[in-house]
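What you see is a predicted model; the values in this text were computed from it and never measured.
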Amino acid sequence: MIPTADGMKLIEVLPEVVKSPKLTVDWENVLALIAKGEYSIQEFMGGIEAMVKELVQTYHSVNDEQKSMFGGGTQERNAKTALGKCPKCGGDVVKGKFGAYCKNKCGMNVGRSMGAVLSDSQIKSLLEGEKTLVKGLKGKRGSYDAYLIPEGIEDYSYTKNGKVIEGTQYKVRLEFQKSKK
């Protein structure tokens with residue numbers, strides 16, 4: 001394993017009890033007892049759970065100096081990654097693991113349209129109310145390219161694997177791209 005710079009910084013802000021060699025030795029000893037059948041895995045995991053709960057209650061915050069070690073506070077990092085403002089609630093739209101979303105968690109979906117995953121520049125364009133070319137949209141007759149023109153927002157709801165999925169999305173008008181011949 002090769003430690004990263006952020007990993008080394010994280011070690012600096014962790015409580016001493018977590019980075020103690022004694023904790024590692026204690027856990028290794030208990031794991032050896034579990035392997036021999038002399039100790040319960042449930043009891044071991046229960047102890048870890050209790051320790052984490054206590055740590056969370058005791059060390060509930062990180063000071064501003066420690067936050068700055070990681071490239072600035074949360075607001076500074078999120079301001080850099082905001083793609084625009086949510087048309088539903090005005091919150092910042094940011095890119096996450098599963099696509100763009102409203103930080104206020106209002107249910108606005110801006111990461112996909114008609115089966116196509118939108119790029120950051122396409123999302124920014126839509127958030128600014130601009131006509132946006134999207135290639136590979138999916139319809140009943142196959143895929144096609146078209147301009148999406150935002151015309152407000154609308155709620156949606158569907159069922160997937162027995163679970164109801166709800167949210168809000170752009171209401172768009174399509175303008176088909178003229179083919180070049």
Taking the side chain as every heavy atom from C-beta outward, state whether Val164 and Ser157 have any pair of such atoms under 4.5 Å apart. yes
Could you grab the distance from atom CE of Met108 to atom OH of Tyr101, nearest 0.5 Å is fine? 15.0 Å
Let me confirm one number: the NZ-CD distance from Lys135 to Gln122, rounded to the nearest 0.5 Å. 10.0 Å
Kindly compute the distance separating CD (Glu43) from CD1 (Ile34), expressed to the nearest 0.5 Å. 9.0 Å
Is there a path of hydrophobic side-chain contacts, each under 4.5 Å between heavy atoms, that joins Leu23 and Leu33? yes
Within 6.0 angstrom of Lys171 NZ, more than 12 heavy atoms from elsewhere: no
Nearest heavy atoms of Ala100 and Leu83, plus distance in Å: CB-CD1, 4.0 Å
From Thr132 OG1 over to Leu127 CG, what is the distance, rounded to the nearest 0.5 angstrom? 9.0 Å
State, to 0.1 Å, how close Leu14 and Lys19 come at their nearest heavy-atom pair, and which atoms those are. O-CE, 3.4 Å
Check ion pair Lys53-Glu49 (N to O, under 4.0 angstrom): yes
Mind running side chain to side chain contact (heavy atoms under 4.5 Å, CB included) on Leu137 and Asp145 for me, showing each step along the way? CA-CA 6 Å; Leu137 295 172; Asp145 302 341; over 6 Å; no
If only atom types and distance count, is the side chain of Tyr170 paired as donor or acceptor with the main-chain N or O of Gly152 below 3.5 Å? no
Hydrophobic cluster membership, with links at side-chain heavy-atom distances under 4.5 Å among I/L/V/M/F/W/Y: are Val117 and Val94 in one? no
Short side-chain donor-acceptor distance under 3.5 Å, Lys88 and Thr168: yes
Verify, without hydrogens or angle tests, whether Glu175 (side chain) and Ala146 (backbone) share a donor-acceptor contact under 3.5 angstrom. no
State, yes or no, whether a side-chain contact exists between Ile149 and Leu174 at a heavy-atom distance under 4.5 Å. no
Is it true that Leu31 and Val52 fall in one hydrophobic cluster, defined by side-chain heavy atoms closer than 4.5 Å? yes
State, yes or no, whether a side-chain contact exists between Thr159 and Ile165 at a heavy-atom distance under 4.5 Å. no
Restricting to non-hydrogen atoms, name the atom on Ile153 and the atom on Pro87 that form the minimum distance, rounded to 0.1 Å. CG2-CG, 3.8 Å
Membership question, hydrophobic clusters at under 4.5 Å side-chain separation (ILVMFWY): are Leu126 and Phe176 in the same one? yes
Kindly assign one of parallel, tilted or perpendicular to the pair Phe44 and Trp27, based on the angle between their ring planes and the thresholds 30° and 60°. perpendicular
Distance-only, no hydrogens or angles: does the Thr4 side chain make a donor-acceptor pair with backbone N or O of Gly7 under 3.5 Å? yes
Steps toward side chain to side chain contact (heavy atoms under 4.5 Å, CB included) verdict (Ile41, Met45): CA-CA 6 Å; Ile41 187 73; Met45 293 307 295; 4.2 Å; yes
Salt-bridged, Asp120 to Lys124, with N to O below 4.0 Å? no
Glu130-Ser125 side chain donor-acceptor pair, cut-off 3.5 Å: yes
Closest heavy-atom pair and its distance - Val134, Leu148: CG2-CD1, 3.7 Å
Nearest 0.5 angstrom please: Cys89 SG to Lys103 NZ, how far? 11.0 Å
Is it true that Glu151 and Arg173 make a salt bridge, defined as a side-chain N closer than 4.0 Å to a carboxylate O? yes
Which distance, rounded to the nearest 0.5 Å, do you find between the CD1 of Ile48 and the CG of Leu55? 11.5 Å
